[in-house]
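The structure appears right after this line, and notes come after that.
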Amino acid sequence: MPAHFIAIALGFLLDRIIGDPPNWPHPIRFLGTFISKGTTVLNKGRFRIAKGAFLLVLTTGMVFVLVFAIVGLAYKFHPVVGIAVEAVLIAIGLAQKSLRDAALEVYRPLETGNLPEAREKLSWIVGRDTNDLNESAVARGAVETVSENTSDGVTAPLFWAFLLGAPGLWLYKTVNTLDSMIGYRYERFEKFGKFSARMDDVLNFIPARITGLLILMYTPNEGQMPFMKRFARWSRDARRHPSPNSGFLEAATAWQLGITLGGKSTYRGVVSNKPEFGPKNAPLTAKHIKSSITEMHTVSFVFWFIMTLIGVLFYGFA
């Protein structure tokens, strides 16, 4: 329906320009508090897989119904009010500006040679240990974060917004938040977060693959490799990543920018060796962070435009 597409367009634009005002309360904070309290109560004793599944169903159901009710009441009051309310709910569920700003916080000190500050700023957005990283490793961490979150924070929420409106976007955001909080393979969450991690994989399955392909098709080809070669290497490397979805983003970025992503990282002192993607060209530098931001903005717009076009055509012929 036209109002739905207008709300998505406005939400997309609001997020690109304004983002999340730092002093405003964000729904994710309240959602995180609820999940944290639920985890404290449920993540103990027997049947932890079932308890984790219960928290997933309870939280997603609660959020979906709440957003559905808010949007429905707003549209009943007046279509313009409905569009405005849905647009705001969509905007605060996207992460274009916040992702760009977080990456630039790493870029600026790295560009000026302030490696200690760049390490500290990187630690705000990644889970890996950053204290001993060199310039290339800091840049890699930032680029990988922007690449992976292009889907997690922008195109996947948009995908579910186009399918189910603001309630669909917030259904996805709830699952993604659950995964980020309890979807770890540590002993504490191995069983309890199992369903949340799997559901996040399912909901991001299609958006991640579409986004990776769009990166190859529409963003600057800084590696100067012909498309079919990049496509073949992307298809091969994406499946080597331990995550069923992240590899499709990181491999696309690596081959598109002509850089190497993946490899050794340390998490809480434990070494993790992931497969490496991309050509082994010159080490990463701060400029590659700027390139990844440009890539994120470009593919986000293309994804929105294509989904809008498909939606309008489908609505027109329905």
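Residues: numbered from 1 along the sequence shown.
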Which heavy atom in [X] sits nearest to a heavy atom in [Y], and how many Å separate them?
X      : Y      : value
Pro157 : Lys173 : CG-CD, 4.2 Å
Ala251 : Ala238 : CB-N, 4.0 Å
Ile49  : Phe195 : CG2-CE1, 3.4 Å
Leu257 : Ser292 : CD1-N, 4.3 Å
Thr155 : Ser300 : CG2-CA, 4.4 Å
Ile259 : Thr253 : CG1-O, 4.4 Å

Do [X] and [Y] make a side-chain contact, defined as non-hydrogen atoms from C-beta onward lying under 4.5 Å apart?
X      : Y      : answer
Leu171 : Val63  : no
Met225 : Arg233 : yes
Asn149 : Val154 : no
Phe5   : Val312 : yes
Asn43  : Lys51  : no
Glu144 : Arg128 : yes
Tyr172 : Phe159 : no
Leu110 : Ile289 : yes

- Query: Does the side-chain hydrogen bond (donor to acceptor under 3.5 Å, both in side chains) test come out yes or no for His288 and Arg140, once each step is laid out?
  - Reply: CA-CA 8 Å; His288 293 111; Arg140 176 169 72 87; over 6 Å; no

Between [atom1] of [X] and [atom2] of [Y], what distance do you get to the nearest 0.5 Å?
X      : Y      : atom1 : atom2 : result
Asp15  : Ile90  : CG    : CD1   : 11.0 Å
Ile306 : Leu214 : CD1   : CG    : 5.0 Å
Leu94  : Leu158 : CG    : CG    : 5.0 Å
Glu120 : Asn131 : CD    : CG    : 10.0 Å
Leu42  : Leu55  : CG    : CG    : 6.0 Å

Using the test salt bridge (Lys or Arg N to Asp or Glu O under 4.0 Å), find all partners of [X] that sit at least two apart in sequence or belong to another chain.
X      : answer
Arg119 : none
Arg108 : Glu105
Lys280 : Glu276

- Stepwise ring pair (Phe, Tyr, Trp, His ring centres under 6.0 Å) check, Phe277 with Trp234: CA-CA 8 Å; Phe277 310 132; Trp234 169 67; over 10 Å; no

- Task: Would you tell me whether Thr150 and Glu295 have side-chain atoms, one donor and one acceptor, within less than 3.5 Å of each other?
- Result: no

Within a reach of under 6.0 Å around [atom1] of [X], are more than 12 heavy atoms found that belong to other residues, nucleotides or ligands?
X      : atom1 : answer
Ile206 : CD1   : no
Phe64  : CZ    : yes
Phe34  : CZ    : yes
Asp132 : CG    : no

- Message: For Trp304 and Thr308: C-alpha separation, side-chain torsions, deciding distance, then whether side-chain hydrogen bond (donor to acceptor under 3.5 Å, both in side chains) applies.
- Response: CA-CA 6 Å; Trp304 165 80; Thr308 300; 3.3 Å; yes

- Identified side-chain contact (heavy atoms from CB on, under 4.5 Å) counterpart of Asn176 within the set Asn204, Ile28, Leu203, Asp152: Asp152

- Assess whether side-chain contact (heavy atoms from CB on, under 4.5 Å) is satisfied between Lys121 and Tyr107, documenting all intermediate values. CA-CA 9 Å; Lys121 295 298 176 61; Tyr107 166 81; over 6 Å; no

- Cationic tip of Arg48 within the cone over Phe192's six-membered ring, i.e. under 6.0 Å and within 45° of the normal? no

- Message: Just checking Phe231 against Trp255, ring centres under 6.0 Å apart?
- Response: no

